[in-house]
Asks: 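Pasting a structure here, questions to come.
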Amino acid sequence: MGVQGLTRFMEENGNILKDVPFRNSKLIIDGSNLFHLLYFNSRLDQSHGGDYDAFEGQVCKFFKALRDCDIDPFVIVDGGSDYTDKKFETHKERAQSRINTANSLSMGLQDRGGVLPTLIKDVFKQVLSSLKVPFAQCICEADQDIASLARSWNCPVLTNDSDFYIFDIQAGFLPTSHFHWQKVSMQRGSFIRYIPCKQYTTTSFCKHFNINRQVLPVFAAMLGNDYVKLHNMGISLRWEEYSSMEGRFARFDGLLNWLARFQGQKEALDSVLRLILHGNNRQKMDAALQGLSLGIEEYHLPPSCLERFFNDGVGPGPGRLAEPLRVLPDWTLLPLMKGRLPSCIVDVLLLRKVMHHVQVEDAHLPCGNNTSRPVRQVLYGLLLGGRRADHSSQRPPVDDVEEYYREGQYLTSSMVEAVLPSAVEQMQLDTLYQAPRPVQLKVFLETLGVSQSTLSGVPPHLRLPVAVTCYWLRHAHPPPDLPLLQALLLGLVYGELCRQRKSQRGFMGGPVLERLRGLIQRGTRSLDLGVAHAYSQWQCCLKESLHLNQLLCLPLAEPQCAWLYKGTLVHQLVTKLRGGLTPDSLLIGGPCSGQLYRAMLGAILNSHDASVIPLVSVPRKATPPSLTQPLDDLTAHLHILALEDDDDDGAGGGSKAKPEDDLGWTLVSVRTRHKSKDRFNRARNPEFSRKQGRIGWE
């Protein structure tokens, strides 16, 4: 990210960064950089799939600190890749580096890098929305838009991206690594709070090295940024010869000394090209000119549409977009900027390629993203197959998307076909948002292989993760065993208790929450790679399903992702359940928790034909019968949890689906016609032994 080594060089020259007490100001925040820093600096889990609730807590604390100091934040996160695709080689290098890091973590080794959990960006955006922090998701990469808005508003940027040492922003930027938000201070003799930090400006840098700010982009391009690296072209220039210092930064110092003689960018670039031509052929010089021009261009700041978005709440008009971006339908532009549509649709529509997230998995098994591929194929179909032919385009129609993912320990790619669901053969992307809601719901549920009636007994805000779990059971490889499913659902119960505790004053959570928290505190951090791989697949399925649901304009209520998965808990639960612990023993004293658990489990098992569900048993000692009995027995004995009338089996139901309230849910008991089977099932299956009728939700 940015100019390699430049941040360390600035740190070595201590007079450039100035100490400031920051308060009472607008602050533009590089959101992608911030969620990286908050997660890694908090030393949150990376090996077990992530602890999103702890991350949510860190984000809330961060913005509280800003509020206490009268700082008005405006957060901007990256969207799709650069539409020119000129950073693609850099993206591939970083993806391979993340694969290496994940592989080290899978073996219990520490690595200098880090692996972010799969859903981290989704969680971050949802927390910003809940806190009512103004934020925007750029259509493409955010750096230039961030810098342009900062220059327009004359306020600093919070980031650790070294490109901001080059952008000409009068108010400069505050390096995140020196932004001590956890040490809010108070001015002596007053109640005025501030955050101690350091501030950088190009003015202080140019004064220190006696150079013109116009040549800073040449300085960055010569050193090598995300767009150009001369050494990869076989071009080597010995800038150390112009430096009086020795060591790793002599190259930086020498280049600055050499640039000090120039007043303008063109003059400096022409002199660089003469140096290159002196020791190389004309072909290399032409390649260098093209690369350097691209690298320099990235520091030019065109007008940004962000100011209008934040002030008036409107997206960019099609006429304000670069020509390649006009492939995006008009209706998608504002939802994209509001973060309500996934940024991956930009990469699919513009570049026909997707770089998949890397997670800690078993490197000997296929990538976890393979499990969610059928969901992505439908998303690709809606984006590509569902769009009218563009007769003005010179490019032939393409129905495949190139996916980049892990194979073994290396980055690889393959072409994936876009699949248009039968339910929407006539649907057009341009009018997808106008499709009847029952059709949108049918497409989503058919993709996951779940009926609407299956989900009717589950709280509206948990229907999507339950539907995803049904899909995961069918497609995961190796097939999940019952403890993996039980632990996942207990994790959802834990998240629901935490969510209610945070949102409802006076809600304590009771013994179930304390019992599950105790498991986290007592649990070891050793890693079972099989469990990690299974849950990585589940998170991939969840992420792709969230994105499909967003593209279909939310036919199912969107869950709050921070409460859906806690890796350090579910891994520990799997160990305990395989060792003989029962879900009932964990749910004692929490009737609502038990009912929620059984409703979700019943919906999942009732959604499948027992002969095709790949729940396998594993050897366990002293395990109660309820945890080892075959799936067909479990399925046959779940009539107590029949959650819909027998004659209701359509995905669309023939009626308009209504928006669901996900703020809370209430359990009600409904009489059932299956009392004799109910008594028989409770005797055979202690896990469902609560005396109750059918469960519904109001």
Side-chain angles (χ1 to χ4, degrees), residues 79-81 83 85 88 91 95 118 121-122 139-140 324-329 331-333 335-336 340-357 366-390 393 395-407 412-433 435 439-449 464 467-468 471-472 475 537 539-556:
S81 301
Y83 62 84
D85 209 21
F88 186 62
H91 288 318
T118 301
K121 183 178 178 182
D122 299 274
I139 303 298
C140 293
L325 293 174
R326 295 177 189 176
V327 69
L328 295 167
W331 72 268
T332 65
L333 298 179
L336 271 170
R340 295 176 183 172
L341 280 176
S343 56
C344 66
I345 72 172
V346 178
D347 294 339
V348 174
L349 285 169
L350 270 67
L351 305 176
R352 302 292 198 271
K353 64 178 67 170
V354 172
M355 186 77 69
H356 284 310
H357 188 83
C367 176
N369 287 290
N370 290 359
T371 308
S372 55
R373 180 173 291 167
V375 181
R376 289 194 303 279
Q377 287 181 282
V378 172
L379 187 141
Y380 299 158
L382 292 170
L383 292 171
L384 303 176
R387 186 169 176 81
R388 291 190 296 270
D390 184 359
S393 175
R395 183 164 46 186
V398 178
D399 293 327
D400 292 347
V401 175
E402 188 173 15
E403 294 189 341
Y404 286 80
Y405 55 93
R406 176 193 64 79
E407 185 174 281
T412 189
S413 69
S414 63
M415 301 304 295
V416 175
E417 183 182 4
V419 176
L420 192 62
S422 58
V424 290
E425 286 181 347
Q426 304 304 315
M427 188 179 288
Q428 301 292 331
L429 176 61
D430 292 325
T431 56
L432 185 60
Y433 69 107
V439 175
Q440 296 169 335
L441 180 63
K442 184 178 181 182
V443 171
F444 183 81
L445 294 179
E446 283 188 357
T447 301
L448 296 187
L464 191 148
V468 167
Y471 173 93
W472 170 71
H475 292 83
Q537 293 176 81
Q539 288 205 69
C540 290
C541 296
L542 178 59
K543 179 179 180 179
E544 307 300 352
S545 300
L546 285 167
H547 292 172
L548 178 62
N549 192 50
Q550 290 169 354
L551 183 62
L552 290 168
C553 305
L554 304 182
L556 285 184

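Please read these numbers as outputs of a predicted model, since none were measured by experiment.
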Asks: What verdict does the side chain to side chain contact (heavy atoms under 4.5 Å, CB included) test give for Asp122 and His547, after you've listed the backbone C-alpha separation in whole Å, the side-chain angles of each residue and the deciding distance to 0.1 Å?
Replies: CA-CA 10 Å; Asp122 299 274; His547 292 172; 3.6 Å; yes
Asks: Under the side chain to side chain donor-acceptor pair (under 3.5 Å) criterion, do Glu407 and Thr412 qualify, and how do the steps go?
Replies: CA-CA 6 Å; Glu407 185 174 281; Thr412 189; 4.8 Å; no
Asks: Taking all non-hydrogen atoms of both residues, which atom of Gln440 and which atom of Ala435 are closest, and how far apart?
Replies: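 In this case the closest contact between Gln440 and Ala435 is NE2-O, 3.4 Å.
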Asks: Answer whether the closest heavy-atom distance between the side chains of Leu349 and Pro329 falls below 4.5 Å.
Replies: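 They are in contact (side-chain heavy atoms under 4.5 Å apart), so the answer is yes.
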Asks: Verify side chain to side chain contact (heavy atoms under 4.5 Å, CB included) between Leu383 and Val401, making sure each step is shown before the conclusion.
Replies: CA-CA 11 Å; Leu383 292 171; Val401 175; over 6 Å; no
Asks: Can you check whether Lys121 reaches Ser343 side chain to side chain, under 4.5 Å on heavy atoms?
Replies: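 Yes, their side chains come closer than 4.5 Å.
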Asks: Any side-chain heavy-atom pair from Leu552 and Leu382 closer than 4.5 angstrom?
Replies: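 Counting from C-beta outward, Leu552 and Leu382 do come under 4.5 Å.
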Asks: Would you tell me whether Gln539 and Thr118 have side-chain atoms, one donor and one acceptor, within less than 3.5 Å of each other?
Replies: no
Asks: To the nearest 0.5 Å, what is the distance between CZ (Arg376) and SG (Cys541)?
Replies: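 Taking CZ in Arg376 and SG in Cys541, the distance rounds to 9.0 Å.
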Asks: Quick check for you: to the nearest 0.5 Å, what is the distance between Met355 atom CE and Glu403 atom CD?
Replies: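 Atom-to-atom, Met355:CE and Glu403:CD are 11.5 Å apart.
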Asks: Test Cys540 against Thr371 for side chain to side chain contact (heavy atoms under 4.5 Å, CB included), laying out the working first.
Replies: CA-CA 8 Å; Cys540 290; Thr371 308; 5.9 Å; no
Asks: Would you name the heavy atoms of Gln550 and Leu341 that are closest together and state the gap between them?
Replies: O-CD2, 3.4 Å
Asks: Compare all side-chain heavy atoms of His356 with those of Cys367 and state whether any distance is below 4.5 angstrom.
Replies: no
Asks: Under the ring-ring contact (aromatic ring centres under 6.0 Å, His included) rule, collect the residues that match up with Tyr471, sequence neighbours excluded.
Replies: His475
Asks: Any side-chain heavy atom of Thr332 sitting closer than 4.5 Å to one from Leu432?
Replies: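 Contact flag for Thr332/Leu432 side chains = no.
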Asks: I'd like to know if the side chain of Trp331 reaches the main chain of Leu429, judged simply by a donor and an acceptor atom lying under 3.5 Å from each other, with no hydrogens or angles considered.
Replies: yes
Asks: Would you kindly say whether Ser413 and Lys353 are connected by a side-chain donor-acceptor distance under 3.5 Å?
Replies: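 There is no such pair (donor and acceptor under 3.5 Å, judged by atom type) between the side chains of Ser413 and Lys353.
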Asks: Work out which heavy atom in Ala418 is nearest to a heavy atom in Asp400; give both atom names and the distance.
Replies: N-OD1, 4.2 Å
Asks: So which atom in Leu325 and which in Cys140 form the shortest heavy-atom distance, rounded to 0.1 Å?
Replies: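 Result for this residue pair: CD2-SG, 3.6 Å.
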Asks: I want to check something: taking the side chain as every heavy atom from C-beta on, are Tyr380 and Glu417 in contact at a cut-off of under 4.5 Å?
Replies: no
Asks: Just how far is it from atom CG of Leu464 to atom CZ of Phe444, taken to the nearest 0.5 Å?
Replies: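 If we round to the nearest 0.5 Å, Leu464:CG and Phe444:CZ are 4.0 Å apart.
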Asks: Between Tyr405 and Ser414, is a side chain to side chain donor-acceptor pair (under 3.5 Å) present by the stated rule, with each step listed?
Replies: CA-CA 9 Å; Tyr405 55 93; Ser414 63; 3.1 Å; yes
Asks: Can you tell if the side chain of Gln377 reaches within under 4.5 Å of the side chain of Val416, non-hydrogen atoms only?
Replies: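 Touching, per the 4.5 Å side-chain cut-off.
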Asks: Could you give the distance from CG (Leu328) to CG (Leu350), rounded to the nearest 0.5 Å?
Replies: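 Here the rounded value is 5.5 Å.
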Asks: Nearest 0.5 angstrom please: Arg352 CZ to Leu384 CG, how far?
Replies: 4.5 Å
Asks: Within this structure, what is the CG-CG distance for the pair Leu554 and Leu441, rounded to the nearest 0.5 Å?
Replies: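 Spacing of CG (Leu554) from CG (Leu441) equals 11.5 Å.
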Asks: Which heavy-atom pair separates Gly368 from Gln537 by the least distance, and what is that distance?
Replies: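 Reported closest heavy-atom pair: CA-CG, 3.7 Å.
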Asks: Would the distance check show the side chain of Asn369 and the main-chain N or O of His357 forming a donor-acceptor pair, the cut-off being under 3.5 Å?
Replies: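 Between the backbone of His357 and the side chain of Asn369 there is a qualifying donor-acceptor contact (under 3.5 Å).
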Asks: For Leu448 versus Ser545, what's the shortest heavy-atom pair and its separation?
Replies: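 For Leu448 and Ser545, the tightest heavy-atom pair comes out as CD2-OG, 3.5 Å.
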Asks: Flag the pair Pro374 / Thr447 as yes when at least one side-chain heavy-atom distance between them is below 4.5 Å, and no otherwise.
Replies: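 Not in contact.
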